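Notes for the one structure printed next.
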Amino acid sequence: MTHPTNIVILTGAGISAESGIQTFRASDGLWHNHRIEEVATPQGFAKNPALVHEFYNARRQQLRDPAVQPNAAHLALVRLEREHSGNVLIVTQNVDDLHERAGSDNLLHMHGELNKIRCNHCGTGYECQEDIGTHTACNHCGKTGGMRPHIVWFREMPLYMDTIETALLNCDLFISIGTSGNVYPAAGFVEVARNNGAHTLELNLDPSSNSGLFHKSINGLASKIVPAFVESLLSHTI
Ligand code: APR
């Protein structure tokens, strides 16, 4: 592989697994204990907002748990961003704050963030680390009953898609870390990058659904294979 200039990195729940945050589709994953329809769709929120608030309040509070810290994979991506001569963009499907807490700056949360909420009445969004509910009044318009997690639910449009598309068309290395390749449009990013001439690499515990679309796939724990890959890239030994 020629030494890359612009790198785009897609991360999924697998990069946060070793920090103690559940993934979605593992046997003990979030979607085995909750029905997506009920807690991760606009229809579910309209039908039972209290249940949806309870689901996201618990996940938001978990981020305050001292045991939940960025792991070596998050930190390796910070090292790459700081030491690589070209551009490094992280596009994360994750809604946790571990990339930020590790020190990543060039970061896009395409599925939203647990630490943000927004008002369905006035559209204002802002940081919030507290529990919210139907009683929560908007800091901007003052109305209650309209606050929702700033999370992209199924059937909603992911965020920053224009920026992400431009980055994919201008990168020469695309790396996917800790994602099962089940959810579009993220699962299609590898093809956009590859069709545009980028080298594509998957770093995952085991081969994902679209593993065959990557030029290379390295399997193992993110906390081990991501730092090792970053070291080999920065030392020009790949
Ligand atoms: N190291 C590396 N990879 C891991 C680790 C680990 N320690 N643990 C799990 N994985 C891998 C699994 O093998 C799996 O392929 O991480 C992937 C997690 O897959 P999912 O649980 O499907 O999570 P993700 O791909 O991020 O889901 C994408 O789906 O439900 C929506 O919005 C939600 O953002 C989420 C999206």
Side-chain angles (χ1 to χ4, degrees), residues 8-17 21-26 29-63 89-101 104 106-134 136 138 140 146-168 176-192 208-210:
V8 173
I9 302 166
L10 172 69
T11 64
I15 199 170
S16 297
I21 294 184
Q22 271 179 297
T23 62
F24 291 94
R25 293 170 182 83
L30 278 169
W31 297 149
H32 285 263
N33 308 317
H34 301 84
R35 282 177 39 75
I36 288 177
E37 277 303 320
E38 290 177 352
V39 296
T41 64
Q43 295 76 9
F45 185 60
K47 186 175 173 188
N48 188 344
L51 176 68
V52 175
H53 282 308
E54 181 187 344
F55 177 67
Y56 288 97
N57 286 343
R59 294 176 66 200
R60 188 177 306 111
Q61 288 319 313
Q62 184 192 17
L63 299 183
L89 170 66
I90 297 175
V91 177
T92 188
Q93 299 173 93
N94 299 341
V95 294
D96 63 57
D97 58 356
L98 295 178
H99 281 302
E100 294 89 330
R101 286 165 56 193
S104 287
N106 199 13
L107 171 68
L108 296 174
H109 280 275
M110 65 178 289
H111 288 171
E113 300 173 56
L114 280 171
N115 288 333
K116 288 184 181 171
I117 58 174
R118 72 171 189 269
C119 177
N120 272 339
H121 296 308
C122 67
T124 305
Y126 47 88
E127 293 280 335
C128 171
Q129 298 191 356
E130 312 304 321
D131 285 358
I132 63 169
T134 51
T136 304
C138 173
H140 181 72
M147 297 314 293
R148 62 165 280 180
H150 180 60
I151 299 289
V152 177
W153 285 326
F154 287 89
R155 303 190 200 109
E156 292 186 324
M157 179 56 74
L159 306 172
Y160 312 111
M161 287 306 295
D162 290 345
T163 307
I164 294 168
E165 174 95 10
T166 302
L168 291 170
S176 176
I177 302 173
T179 180
S180 61
N182 276 300
V183 174
Y184 286 81
F189 290 170
V190 54
E191 285 181 287
V192 176
S208 71
S209 307
N210 56 4

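This one's a predicted model, so the numbers in the text were calculated from it and none came from an experiment. By convention here, the first residue in the shown sequence is residue 1.
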About how many Å separate [atom2] of [Y] and [atom1] of [X], when rounded to the nearest 0.5 Å?
X      : Y      : atom1 : atom2 : result
Arg59  : Gln22  : CZ    : CD    : 8.5 Å
Leu30  : His34  : CG    : NE2   : 6.5 Å
Ile117 : Ile151 : CD1   : CD1   : 11.5 Å
Ile90  : Ile9   : CD1   : CD1   : 5.0 Å
Ile15  : Ser176 : CD1   : OG    : 10.0 Å
Met110 : Phe189 : CE    : CZ    : 4.0 Å

Taking the side chain as everything from C-beta on, heavy atoms only, tell me whether [X] gets closer than 4.5 Å to [Y].
X      : Y     : result
Leu114 : Asp97 : no
Trp31  : Val39 : yes
Val152 : Val95 : no
Ile132 : Arg60 : yes
Gln93  : Phe24 : no

Exercise. Taking it one step at a time, do Leu98 and Ile21 satisfy side chain to side chain contact (heavy atoms under 4.5 Å, CB included)?
Worked result: CA-CA 10 Å; Leu98 295 178; Ile21 294 184; 3.9 Å; yes
Problem set entry | Greater than 12 external heavy atoms within 6.0 Å of His140's NE2 |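 No, because the 6.0 Å sphere around NE2 of His140 holds 12 heavy atoms or fewer from other groups.
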Exercise. Are there more than 12 heavy atoms of other residues, nucleotides or ligands under 6.0 Å from atom CG of Asp162?
Worked result: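 Not more than 12 within 6.0 Å, no.
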Donor-acceptor check, side chain of [X] to backbone of [Y], threshold 3.5 angstrom: yes or no?
X      : Y      : answer
Ser209 : Ser180 : yes
Glu156 : Trp153 : yes
Thr136 : Gly133 : yes
Asn120 : Met147 : no
Asn115 : Gln129 : no
His109 : Asn94  : yes

For this session: Could you note down all residue pairs passing salt bridge (Lys or Arg N to Asp or Glu O under 4.0 Å) where residues 35-57 supplies at least one of them, sequence neighbours left out?
Result: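 Residue pairs with at least one partner in residues 35-57: Arg35-Glu38, Glu37-Arg155.
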For this session: Check whether the ring centres of Phe45 and His53 lie less than 6.0 Å apart, and answer yes or no.
Result: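 Yes, they do, as the ring centres are separated by less than 6.0 Å.
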Exercise. Does Thr166 have any side chain to side chain contact (heavy atoms under 4.5 Å, CB included) partners at least two apart in sequence or in another chain, and if so, which?
Worked result: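 Thr166 satisfies side chain to side chain contact (heavy atoms under 4.5 Å, CB included) with Asn170 only.
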Problem set entry | Atom of Gly181, atom of Asn210 and distance for their closest heavy-atom approach |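 Where Gly181 meets Asn210 most closely, the heavy atoms are CA-OD1, 3.9 Å.
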For this session: Would you please test Val183 and Arg25 for side chain to side chain contact (heavy atoms under 4.5 Å, CB included) and show each step?
Result: CA-CA 11 Å; Val183 174; Arg25 293 170 182 83; 3.1 Å; yes
Exercise. Can you name the residues that form a side-chain hydrogen bond (donor to acceptor under 3.5 Å, both in side chains) with Asn48, not counting sequence neighbours?
Worked result: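 None.
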For this session: Answer yes or no: is there an ion pair linking Lys116 with Glu100, defined by an N-O contact shorter than 4.0 Å?
Result: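 Here Lys116 does not pair with Glu100 in a salt bridge, since their nearest N and O are not under 4.0 Å apart.
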